[in-house]
Every structure is written in C-alpha cells, then in structure tokens.
Amino acid sequence: MQDRYNAREAEPRWQKAWDARGIFATRNDDPRPKYYVLEMFPYPSGRIHMGHVRNYTMGDVLARFMRARGHNVLHPMGWDAFGLPAENAAMERKIPPRAWTYQNIAAMKAQLQTMGLSLDWSREFATCDPAYYKHQQKMFLDFMRAGLAEREKRKVNWDPVDMTVLANEQVIDGRGWRSGAVVEQREMNQWVFKITKYSQELLDALDTLDRWPEKVRLMQRNWIGRSEGLLIRFALDQKTAPSGESEVKVFTTRHDTLFGAKFIGVAPDHPLAQAAAAKNPALAAFIAECKRHGTAQAIIDTQEKLGFDTGIRALHPFDPAWTLPVYVTNFVLMEYGTGAIFGCPAHDQRDLDFVNKYGLGVTPVVCPPDVDPKSFVITDVAYDGDGRMINSRFLDGMSVDEAKEEVARLLEHATLPVPARPRESGEPPPPYPPPQAGEGKGGGRLRGNERVEPVAERQVNFRLRDWGISRQRYWGCPIPVIHCENCGVVPVPDADLPVALPEDATFDKPGNALDHHPTWKHVTCPQCGGPATRETDTMDTFVDSSWYFARFTDPWNESAPTTRPVVDRYLPVDQYIGGVEHAILHLLYSRFFTRAMKVTGHIGIDEPFAGMFTQGMVVHETYQTAAGEYVTPAEVKIEAGPNGRRAHLIATGEEVNIGSIEKMSKSKRNTVDPDDIIGEYGADVARWFMLSDSPPDRDVIWTEEGVQGSWRFVQKLWRQVAEAAELAEAAAVCGSRQAEEAAVLALRKAAHGALAKVTGDIPRLRFNRCVAHIYELSNAFQASLTAARQAGGISPAYAAAAREAAEIMVLLFSPMMPHLAEECWAALGKSGLVAESPWPDAEQALLVEDTVTLPVQINGRKRAEVTVSRSATPAEIERAVLELDDVKRALDGRAPKKVIVVPQRIVNVVA
RNA sequence: GCGGGCGUGGCGGAAUGGUAGACGCAACGGACUUAAAAUCCGUUGGGGGCAACCCCGUGCCGGUUCGAGUCCGGCCGCCCGCACCA
C-alpha cells in the first residue's frame, strides 16, 4: 500500500469504474421508492465556476446517500442552452451560436465529469436541441388552445442595447438585467402566458411548500402582491370633465378614510390625464416631464411628490356637493390598480407630502386609541394605524374594519350610470375570482331606461403581471405560429413541429437575426395556402427552464413532452438545489408552467418542487496592488504570522493589499478556477472543502489554507484506513489481549455515534455538521490507534473493531469524497464498489450509555458533575447530587429550596 | 419606507430553553529530523490565583424562567428582498 493517496491517478480510475458498471443510470422500471435530486442546470458559458462546484457537490452528496439508502435516485444533468451570449459570440467571433454553445457544453461536461458526480448522463439534453424545443412548441400551442397563451398589444420594456423586450422582472432599477441599459417603454404585440389566472392559487399553494425556505416563499408572496380593497367609481363634474369622460375608477384598500379625501391622483399615462392634456399644453409638458424621469431617477422621485391640477373635479360618492380636484401625479403608477387613487393625507404619508406641497388641507378621520379626537391633528407625519373613526359623519365611532365594511356595503348597493364610452386602457386587472359569463365590463343592470352599475365593488388586486415571453432574438425557441393576412394568427400544425431555427443566420447587424433571414419566415398559410410569414420572435429562455425537470423523467419520448406514468411517478422533485437569485422568476414560472401542463394533460401535479434549497455563494478575498489594480489569488503569495497576514505578488515581490471578501467575479479578479484546484488537489478535496465550515445556505469563504486543511485530512484518512487494514491482517497472528475491551467499546461507540449523526444530518443538508462529525470520528480513531500501538499488542477483537470503525468511516465520507472512499474500500480488501454499497445502520445498543454524567448546577451555574446509572430515578439522582462535596459546601448545611432534575440532561440545585 | 434574516474566540462556525465555544482554520509549544517539510502529541475567550479553584463573557438595555446564545419587549449595527403597491 502506498503511504500517500494519489488523487490525480485514482480519481479518473474510479470514474471509469462507475461508468463501466453504469451504476448512475436510472431505470424507469426500477421498483424501489424514487428520489429525485436536481440541481439547477447550468448555462453553458464555457467554464464551470466554484458556485457550480458547491451546488453540484451538495446534490451529489444527497444523491449518493439516498442511493445507498435503497432509493431509485434520479439525478440528471442538462444545459440551459439558449440565450443572448451565444449571439454575442456570433457577432464578436464569427462562430455560429449553435457551434459556440455545443463547444461550451463539451468543455463544461468534461469539467463536470472530473468532479466525480453521480449523474445519469444518459438523460442529458440541451434546451437548444430541436428534439427538446419541439415539445415546448407543442405545449405552447396547447396553452394557446387552453387560453393560457395569448397575443396582446402591450406596453413593453424595450432594451435598446440588447434590442429586445424584457419582462418586468428582468428590469432592475429601470435597467436591463443583462445589458444594464436604461429601458424604454414601447407598445408592441407580445405573446404572454396568463400566469395571472393563477395568482391566487400560486399564492395559496405556497403554504403547502413546507420544505421551501421561508425566505423564498415570502419573496414570492410579495411578488404576487395580493391586496384586498374596493374599486370605487367617482363621477366627474360634467362642467369640468373632458368630453366623453364621465368617471374615474379608483382602487383603494383604505375606503374607510373616504371622508378624509382631499384629491384624486391619476398616473401621467392615465386616459383622463391624456384627455385633459390634449387641450392643456402645460399639463402635457408636465406629463412629458414625469415620463422622462420615469424609471431611472428613483431617488429624486422619492423625495419630491409632484402634481398638476387638471381642472377636472370629481364628486364624492357620499356627497355630490363635495368635489375633489383631479391631479396628475408622478407617484401614481398606471401599472398598479386602476392608475388612479384618492388621496387621504391624514393617513398616507405620500398623500400628506403631496397635500402639504399644494395646500389642499388635512382632515384626520382615524383617531388613535387613547388620543383625544378634539386635539388630534396631523401636520407632517401620517397616521396609518388602527383607531376610531372621526370627522366621518355616519362612520364616526366605528373601527377601521367596521368602517371599511360599511363603506363597501353602501357603495356596492349605490349605482352610477354606465359610462357612455367603453374604456380602452386603464382597465383594472382581471378580478379574482374571474367574473362569470354575463357579468363584468359593459354589463350593468337597468334602472328605468338607464343602464347603471354599482358605485363600488370589492376587488382583489395582484401586483403579479402576465408573463411576456416574446423576445426579438434568434437564439431561442421559435414561437410556432404563422401570420396570415387572411386568416390572422395561425398555429403551426403539430405535424410540422419543430419549427427549427435556420442554421445559416447572420449576425452582422443588430436586432433579430431570425427576422433578417432572407427566406426562413416566408411560408404558406396552413389554413388558406396563401402567402404568410412566421412569427420571428422566440421565447424567453425562462420558458426552457420551466419544464426541463419534467423532461428528464423521460427524455427519450419523441412523440410527447412527457410520458404520463413516468413523469407522475418521479415528480415532484424531492430536493431542488440552486441559487437564491432564482427565488422569484424561475421558481414562480416553473410553478405556473406545471399547472399549465396539468391543464393541458402533460402532467398530473401542481407543484414541481417539493423540497427547495438555496445555497450560499462562494466568496473570496480580493487583492489590489498599490496602483489599485485587482490581481488574482493565483498571482499572490500569502504569509501568515503572529502579526497577521500579508500578501505579495509572486512575480515581483511587490506587497499587495488584502481587501474585502466578495462574491467571486471576473471584475474583482478574485476567482479560483475549479480546474486548477481539481488538478492540484483532486476533486474530493474541492468537494470536501465546499461542504466544510459554512452552513450550506450561507456564503462560504474560499481560502487556500482551508483547501490545504482538506487536503491534509484526505491524507490522514488514507493513513488511518491503511493502518486499520494492516491491523486486521495482523490480527490472525497476534496473541489475544483481554485488557482491550474498553478500547474496543469506546471505538465502536465513536463509530456508531458518528454514523447516527451523519445519517441524521445528510437529509437535512447540514453538511458542515456532517464534516465535523467525521473529523470527530477520525480524531477518536487516531487517539485509539495511538493508544493501542503504545499498549504493545493488538487483540483480534480490537483489530476487528478498528476495521469496523474504518469501514464505517469510509462509508460516512463516501457521499462527499467518493473517489477516496473507493480507494480506501479496496485497501480494506472489500469487494465491490462503495458506490453500490448499502448505508450501514447504527447499532442502537452502542448509542446509549449505561451510566450518564449529568452536569450539576447550583443556582443555574455549573459547579459539579454527577455520574449515575442510566436508569436512575430522579429521587436517586437528587440523593446522589446532595452528597456531592461542592453541593454540600454551597448549601452550607441548609436544605435546598428546590432541586430540578431533568432526566438525561442536567440537575439544578436552588440553594 | 415595508418585510425578512443575522449579530457567539484572532477567523469560519457548534450548541431539542439545560455543561457556551463542538469541528475546522490560524497561532504558539513539544516530539521526530543534521535541518526543513510532512507527521504525531499538546496549548489557545478574557481576568485573577502557587494551587484546588474563583470572577467575567454570546451587539446593547430590560423581562419571563430553577436555568436564556436560544423565548418576550425596546434599542444599535450589518446583510438580503421589495418598494411611490393606493
């Protein structure tokens, strides 16, 4: 046996051995209970980074563990292969997106394979493969038929640099999430998925996802943004209203404050604002000014609330003699509610700031408890708490909730004439539950000869918008529809799928290469046979990743996206692992998509991911030269001494500044290449270090010292196992020694204790604790071996115990360091592979002690210990404790006030 | 502004309301070595004492409890998410 473990030589050897036996290929007819482990599949950028190493190691530990526990584990991998970088590469390097993508996939796959992951590569696919996206196109058509995919004229976020439309979620601080360019608003025809049909359901079902991080559920809850309120129609004073306008609809959650109303505020792009601006150049200028600020200058906007009096007056719903001025305001959003509010300054800070600026007055209508209504005034801090209604006529004395109910009740029974002109835009989003046929807009009932509608209706509003999926890009899944002058929008017949991307697109001008292609879009209409054009928009890449987890269950099915019995058996994913940056978009879209697939018969469940885990980032120190340039960790040598750490450039010896710890990034140059680490130390060391120290959901700091510590531990394990193997061989020839019974028992207890702890911690993904338990076992093992060596002889019983401990230890670290485990397993003379060995069961008898040592506290401070029989009664324990010298001294002859005995835990004497 | 999370040695972090600091890193001492590396053995929250031991200590201030890092209330700080959301 070698005295050093050679990872570079051993790791590829064991990878080949696993491969040869095909042990990670999952069979769909395997009858054992299934367990689906999935890590978020990567975008094929060309290189893996440490974040991937961490993510995939965690999933692999779980997969190997569950496999050893007898499950039919599905652990697949694929490629999120569509996306803009491929087109950028095409432009910059004249390499077609497809070639670039597959080249990257090959490189990254080779890297992943050096990690020794227990992946079923037979299920691998890339989303850019027509064999994948043809099913996606099929589902798009199914969604269309089910009313879940529609074409709408929409105001969209246009990224002028990427020349594409972005979803609201992809606009961050008014800038494109990828390009960083300031986003413009444009009206365009867009395909959308009707995710808002599921707003309530997506919200409600969050409560059932008990194995998701609370943080992620909360983020989704906020994103969906449900609010209950009242939609109130304010009639306009006809003398002041623009022609054709008779009312303004307002959504409010504070209808209790209606008697504190001082103005109506409408968004700059509200129809009423537009109508008023038509005859008022100053107003038009104000609106243009608002729009110009619009997105980017959030900071300035938050400070100053601006408005412009339209001259229009609205009638108070409870008092036609009371009119409210209608202002165009810069703090009301067209995108939320109806794009109009009524302002109650006393109980809303924004309204108060506004009113104070324009001198519209303040009337408090909710009086806090324990405050005298007569002296209650509001000057510059609004009161948004609970209280009793005041200054509110018939509402006076009610609570906020009672007042809300009363206002809603009265106004939903009052009526106003139906406006003459149907609204075009500014309609509220669809109410929940959806209106029944025959109800809704344009309806109303008759009063005399006049059509009337209620003044108000209770409404639930959601922040969530429909999901716009059209992208003006080449490298994405084509939307399978055809535009015909005669027939309109015609779905591509199923038989003609896939609508494949042309291979010969060119990328020499900005915009959509698919649209620029000379021939691709010109087709005949499937309905009338006349000339027609293909849709040249492709789908948002989030569509691709919204169902890949389902496709993995049967990627061989050529005729359908899924095979029902198979997909229904494997889903939901038991444990999904990925970065928190996908907490909203990807996870919410996938949840919607699964429901849409259910409606269209492709799947039998609602929730795709039963367990979700968000892992932390990999962070690293930064290094800067005196000139302020960042340098990479590889260029730096660190020296540590009692006076701290110093860093020098290896090349020149120049001292560099050790800077803050940050997420690994190219710009800070603080990345560490997984290839370098695996090449130098081996995959097991990289894997082990990723699991050590930090809890998996927190950031982990990558340090050279830590990696070296892991490397030393690998060598230590190897030596220990080797020593145990030699002991076992020697056992037959050694004479027996009875004195080692205690050593045998202690060693066995250490091994089985660690086994029990690791077995409990892996399914909870508490890998840092698993690592600590394995260190502890190794330390105990080391101490035991040293003591045995010094005792001068080894009994067969001890040799057997050492061997058992070694085997358990190897099995315990095998999910984390699978190559080393195989090498050790072979050294122990075991036949077969660790990867195919069952997980051992701890012997319960070894987990309990015959005697227990309890800490003894006096007045809550630990002062002594008492060792008693495990089965001792509290009375017996109390008697033993009172005999202790320390306790006697503390009591000084007096009787204790109280003695608390917590069985198996602690004793507290109250003196 | 709203919501959530976190705050423990030199550092990363352990600790079902029950012995605070497991385990690792770093540092220091010793053994082995001509020497170094590697390895092995030990020390390492602060203060006091010759010692047995004693006192203090989980961001700060209070509270509940026999007992609080953990629960409750109020501050302070950091991180994350959302944000004129009506």
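Please read all numbers here as calculations on a predicted model, not as lab measurements. The basis for the numbers below is simple: all heavy atoms, side chains too, and nothing from hydrogens, waters or symmetry mates. Quick note on labels: first sequence line is chain A, next is B, and so on, each numbered from 1.
- Each of A:Ala783 and A:Lys898 lies near RNA chain B, and the nucleotide nearest A:Ala783 is the one positioned closer to the 5' end.
- Within the nucleic acid shown, A:Val899 has no heavy atom closer than 4.0 Å to any nucleic acid atom.
- Between A:Phe263 and A:Tyr358, the ring centre distance reaches or exceeds 6.0 Å.
- Here the side chain of A:Gln857 is nearest to one of B:G13, B:G18, B:A86, namely B:G18.
- By the 30° and 60° cut-offs, the orientation of the rings of A:Tyr5 relative to A:Trp718 is tilted.
- Across all strands, A:Tyr775 comes closer than 4.0 Å only to sugar-phosphate atoms, never to a base (heavy-atom distances).
- Contact annotation for A:Arg863: backbone-only contact, meaning every heavy-atom pair under 4.0 Å involves sugar-phosphate atoms and none involves a base.
- The separation between A:Met334 atom CE and B:C84 atom P is 16 Å, rounded to whole Å.
- Counting any heavy atom pair closer than 4.0 Å across all strands shown, A:Asn768 reaches sugar-phosphate atoms only and no base atom.
- A straight line from CG of A:Asp348 to C1' of B:C2 spans 13 Å, rounded to a whole angstrom.
- The environment of A:Lys637 atom NZ is sparse: at most 12 non-hydrogen atoms of other residues, nucleotides or ligands sit within 6.0 angstrom.
- Among the protein residues, A:Asn222 comes within range of no part of the nucleic acid, since none of its heavy atoms lies under 4.0 Å from any strand.
- Between A:Val907 and A:His773, the residue anchored closer to the 5' end of RNA chain B is A:Val907, taking for each the nucleotide with the nearest heavy atom.
- Separating the P atom of B:G17 from that of B:A68 is a span of 15 Å, rounded to the nearest Å.
- You'll find that the side chain of A:Ser227 is closest to B:A86, out of B:A86, B:U19, B:C41.
- Using a 4.0 Å heavy-atom cutoff across all strands shown, A:Val910 reaches sugar-phosphate atoms only and no base atom.
- Side-chain proximity of A:Arg463 to B:G3, B:C85, B:G18: nearest is B:C85.
- Within the 4.0 angstrom heavy-atom criterion, no nucleotide atom of any strand lies near A:Arg221.
- Using the Watson-Crick or G-U wobble rule with both distances under 3.5 Å, B:G21 pairs with nothing in any strand shown.
- B:A20 and B:G69 have their P atoms separated by 9 Å, given to the nearest Å.
- Checked against the 6.0 Å centroid threshold, A:Phe259 and A:His316 count as a close aromatic pair.
- One C1' atom belongs to B:C50, the other to B:C60, and the distance between them is 39 Å to the nearest Å.
- Comparing B:A22, B:A86, B:C82 by their nearest atom to the side chain of A:Ala772 picks out B:A22.
- Candidate nucleotides B:C82, B:A15, B:U19 were compared by shortest atom distance to the side chain of A:Lys862, and B:U19 ranks first.
- With hydrogens and angles ignored, the 3.5 Å screen pairs a side-chain donor or acceptor of A:Gln349 with a backbone N or O of A:Asp380.
- By the neighbour-count criterion of 12 heavy atoms within 6.0 Å, atom NZ of A:Lys215 is sparsely surrounded, having that number or fewer from other residues, nucleotides or ligands.
- Under the Watson-Crick or G-U wobble criterion, with both distances below 3.5 Å, B:G69 has no partner in any strand shown.
- The side chain of A:Glu776 lies closest to B:A22 when the candidates are B:G12, B:G4, B:A22.
- Side chain of A:Pro855, nearest nucleotide from B:G18, B:U19, B:A83: B:U19.
- Nucleotide B:C6 has B:G77 as its partner under the Watson-Crick or G-U criteria, with both atom distances under 3.5 Å.
- For A:Arg712 and B:A26, the shortest distance from a side-chain N or O to OP1 or OP2 is below 4.0 Å.
- Using cut-offs of 30° and 60° on the angle between ring planes, the pair A:Trp702 and A:Phe689 is perpendicular.
- A:Leu333 comes within 4.0 angstrom of a nucleotide base, judged by non-hydrogen atoms across all strands.
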Residue pair A:Glu723, A:Arg719: steps toward the side-chain contact (heavy atoms from CB on, under 4.5 Å) verdict | CA-CA 6 Å; A:Glu723 191 171 346; A:Arg719 281 192 305 273; over 6 Å; no
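- Among the heavy atoms of the strands, none lies under 4.0 Å from A:Ser692.
- In this structure, of B:A86, B:C84, B:A14, it is B:A86 that holds the atom nearest to the side chain of A:Phe251.
- Between the NZ atom of A:Lys897 and the P atom of B:U65 there is a distance of 15 Å, rounded to whole Å.
- A gap of 37 Å separates the C1' atoms of B:G24 and B:G73, to the nearest Å.
- Between B:U39 and B:G49, the two P atoms lie 39 Å apart (nearest whole Å).
- Atom CG of A:Asp761 is separated from atom P of B:A14 by 11 Å (rounded to the nearest Å).
- What you find for A:Thr622 and A:Ser660 is that their closest heavy atoms are OG1-O, 2.8 Å.
- Between the C1' atoms of B:C32 and B:G18, the separation comes to 45 Å (whole Å).
- Counting any heavy atom pair closer than 4.0 Å across all strands shown, A:Asn779 reaches sugar-phosphate atoms only and no base atom.
- Comparing B:C84, B:C40, B:A86 by their closest approach to the side chain of A:Gln782 singles out B:C40.
- Pair assignment for B:G57: none, as no Watson-Crick or G-U wobble contacts are both less than 3.5 Å.
- Nearest nucleotide to the side chain of A:Ser694, out of B:A14, B:G13, B:U19: B:G13.
- Regarding A:Lys757, its NZ atom lies at a distance of 10 Å from the P atom of B:C23, rounded to whole Å.
- Here B:A86 presents its P atom at 13 Å from CD of A:Gln459, a figure rounded to the nearest Å.
- Checking the phosphate oxygens (OP1, OP2) of B:C40, a side-chain nitrogen or oxygen of A:Arg719 falls inside 4.0 Å.
- Each of A:Leu854, A:Leu882, A:Val899 was scored for a side chain to side chain contact (heavy atoms under 4.5 Å, CB included) with A:Ile877, with one residue passing: A:Leu854.
- Residue A:Ile900 is classed as a base contact, given a heavy-atom separation below 4.0 Å to a base.
- Using Watson-Crick or G-U wobble geometry with both donor-acceptor distances under 3.5 Å, B:G1 finds its partner in B:C82.
- Note on A:Gly706: nothing from the nucleic acid sits closer than 4.0 angstrom, heavy atoms only.
- To the nearest angstrom, P of B:C40 lies 11 Å from CG of A:Leu785.
- An OP1 or OP2 oxygen of B:G13 is reached within less than 4.0 angstrom by a side-chain nitrogen or oxygen of A:Arg698.
- Remark: P of B:U19 and CD1 of A:Ile906 are 5 Å apart, rounded to the nearest angstrom.
- Look at the P atom in both B:G42 and B:A22: the space between them is 15 Å, to the nearest Å.
- Taking atom C1' in both B:G63 and B:G81, the straight-line distance is 32 Å, to the nearest Å.
- Across all strands shown, A:Gln715 has no heavy atoms under 4.0 Å from either base or sugar-phosphate atoms.
- In a base pair of the Watson-Crick type (N1 to N3 plus N6-O4 or O6-N4) or a G-U wobble (N1-O2 and O6-N3), with each distance short of 3.5 Å, B:U43 is matched with B:A27.
- No hydrogens or angles were tested; on distance alone, nothing pairs the side chain of A:Arg905 with the base of B:U19 as donor and acceptor under 3.5 Å.
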